[in-house]
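Working notes for the structure below.
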Amino acid sequence: MKKLRTFDLAVIGGGITGIGIARKAAAMGFGVILIEQNEVGSGTSGHFHELLHSGARYAVNDPVAAKECYLENRALSSKSSLIRRAIRQTGGYFLAITDDDVAYSEKLVASCKTIGIPIVEKNIGQFFKKEPYVTKLVKRALWVPDGFIDGRKTLDINKRLAQEFGAKLLTHHKVVSFQKKDKKIEAVIIQDSDGQQHTIFCGFVINAAGAWSASIGKLAGVSIGVVPYRGALIVYKDVLCKSVLNRCHKPSNGDIVVPTSTHTIFGTTSKKTNDVDNFQIEKDEIEILNREGDLLIPGMSKHPVETMYAGIRPLFSITDFSDGRDISRSFRVINHKEEGIINFISVIGGKFTIYERMGDKAVEAMKQNAVL
């Protein structure tokens, strides 16, 4: 078994949360190593709808997550943002098609105003001029500051900066155990693709493994309330809209359409899963998306498809919900010192949009608890 040099911090998980944490900690002068079992961004961060949330989607039923999304949306879109070139400010619309949608729109407007999320009703005729492919059954169009965030570009920027600040990124290495002593994790034991094990000594460990966080916690002897839910998406070869389109109702299946510069991403679904390594879309998910998509953009399902995939939402909950959409999209930073490990924290839940906030909270928690 080979031994690597001692690091101040070992970050487990190479999604946007982990790579953001590695960048922030390395920029502060900490010796950082990031451990990823596959490639950077190969998990949930590489399988989402690339929506830069305004927060409006969660305004009615999840105001904490809604406020987080709006504040981070503004920060990521600002001139000083590190990833500003990965953002397209397309704007978004919540579209009321049925009478129930219209009733929900009143709640949405009130909730957005309470939280501070801009929401403006647009003239239907002007809306159709901008979005001619949308169903003519739309009764109300409400504009919000949704946008497009290029996931790969965001990951690459954070990866490059983390390495420039001195962080070591170790991909295709899987955490297999921890070496503990006196209520501390002394070392992380990893295994490479050839089956050879290595020992990484470290002063602190941050678990940012997303859908795999519970498995990492189990290796450390702690329990983490991660509830994984699949979300299926279809990527069409054509650009079918200029703005983000949302169905104006409680978050449900097939109610988000996100335009990239060359394609259209449409989703999602919500299905509890125990197979967090399966990103293949299933037949019933395709049927659901085809049905709902044609309600928003008639004939959407007939357009040529570039690809289809499913992402795994690593939701945080200690309660068993019958519907994953009832679980908050906010996040938790869990300090495991109460479970007997004083240098181990986990970052659970959240959204791609709020990765900077998640990283800030995680690094701050490390600084408060670490003796490096």
Side-chain angles (χ1 to χ4, degrees), residues 9-22 24-25 34-37 40-48 53 58 62-69 72 158 175 178 185 188 204-231 270-277 311-321 323-370:
L9 170 65
V11 180
I12 301 172
I16 191 59
T17 303
I19 201 71
I21 290 169
K24 289 173 181 291
L34 180 142
I35 306 159
E36 164 56 42
Q37 63 181 342
V40 168
S42 59
T44 305
S45 296
H47 298 84
F48 77 116
H53 278 279
Y58 308 118
D62 194 358
V64 172
K67 185 65 174 283
E68 290 171 343
C69 284
E72 293 306 298
N158 279 271
V175 175
F178 293 101
I185 292 176
V188 183
F204 206 91
V205 178
I206 296 181
N207 174 14
W212 296 267
S213 294
S215 298
I216 296 298
K218 188 175 181 180
L219 292 175
V222 302
S223 177
I224 301 173
V226 179
V227 187
Y229 272 81
R230 286 171 53 87
S270 181
K271 182 189 293 187
K272 193 173 181 179
T273 182
N274 292 318
D275 187 1
V276 297
D277 294 297
I312 310 298
R313 304 179 185 95
L315 306 179
F316 173 79
S317 179
I318 56 175
T319 304
D320 188 18
F321 285 83
D323 185 351
R325 297 191 189 279
D326 292 331
I327 302 175
S328 175
R329 269 31 177 188
S330 188
F331 69 99
R332 296 285 185 90
V333 175
I334 304 171
N335 191 330
H336 296 292
K337 65 180 180 181
E338 295 182 0
E339 297 167 273
I341 308 177
I342 63 175
N343 65 335
F344 182 47
I345 63 174
S346 295
V347 191
I348 310 298
K351 306 289 296 181
F352 197 103
T353 296
I354 62 172
Y355 82 91
E356 285 283 337
R357 177 174 292 240
M358 295 169 70
D360 286 339
K361 296 294 185 182
V363 173
E364 184 59 34
M366 177 195 71
K367 289 166 62 180
Q368 291 177 356
N369 289 276

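The figures that follow rest on heavy atoms only: side chains count, while hydrogens, waters and symmetry mates do not. For clarity, every value in this text was computed on a predicted model and none was experimentally measured.
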request  = Kindly determine whether K351 and F48 satisfy side-chain contact (heavy atoms from CB on, under 4.5 Å), including the steps that lead there.
outcome  = CA-CA 10 Å; K351 306 289 296 181; F48 77 116; over 6 Å; no

task = Go through the steps to decide whether D360 and K24 satisfy the test side-chain contact (heavy atoms from CB on, under 4.5 Å), and finish with yes or no.
result = CA-CA 8 Å; D360 286 339; K24 289 173 181 291; 2.7 Å; yes

task = Go through the steps to decide whether E364 and K367 satisfy the test side-chain contact (heavy atoms from CB on, under 4.5 Å), and finish with yes or no.
result = CA-CA 5 Å; E364 184 59 34; K367 289 166 62 180; 4.0 Å; yes

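The aromatic rings of Y58 and H53 sit tilted, their planes meeting at an angle between 30° and 60°.
The CD atom of E72 sits 7.0 Å away from atom CD1 of I354, with the distance rounded to the nearest 0.5 Å. Atom CD1 of I206 sits about 4.5 Å away from atom CG of L9, to the nearest 0.5 Å. Separating the NZ atom in K272 from the CD1 atom in I327 is a distance of 7.5 Å, to the nearest 0.5 Å. Rounded to the nearest 0.5 Å, atoms CG (D62) and SG (C69) are 8.5 Å apart. Atom CD1 of residue I224 and atom CD1 of residue I348 lie 5.0 Å apart, to the nearest 0.5 angstrom. For the atom pair NE2 (H336) and CD1 (I185), the distance works out to 8.5 Å, reported to the nearest 0.5 Å.
Closest heavy-atom contact between I16 and S45: N-OG, 2.9 Å. Taking every heavy atom of both residues into account, S223 and E339 meet most closely at N-OE2, 3.4 Å. In terms of heavy-atom proximity, I312 sits nearest to P228 at CG2-CB, 3.7 Å. When all heavy atoms of G359 and I21 are compared, the pair lying nearest together is CA-CG1, 3.7 Å. Across all non-hydrogen atoms, the minimal contact from F331 to G350 is CB-N, 3.7 Å. What you find for I35 and A10 is that their closest heavy atoms are CD1-CB, 4.5 Å.
Here the side chains of F178 and V188 are in contact, with some heavy-atom distance below 4.5 Å. At a threshold of 4.5 Å between non-hydrogen side-chain atoms, the residues E356 and N158 count as touching. Two residues are said to be in side-chain contact when any heavy atoms from C-beta on lie closer than 4.5 Å; R329 and R313 meet this criterion.
Using a distance-only test at 3.5 Å, with no hydrogens or angles considered, no donor-acceptor pair links the side chain of T17 to the main chain of A208. With hydrogens and angles ignored, the 3.5 Å screen pairs no side-chain donor or acceptor of R332 with any backbone N or O of V347.
Only one option out of N207, T44, D277 pairs with W212 in a side-chain hydrogen bond (donor to acceptor under 3.5 Å, both in side chains); it is D277.
Within 6.0 Å of NZ on K271 lie more than 12 heavy atoms contributed by other residues, nucleotides or ligands.
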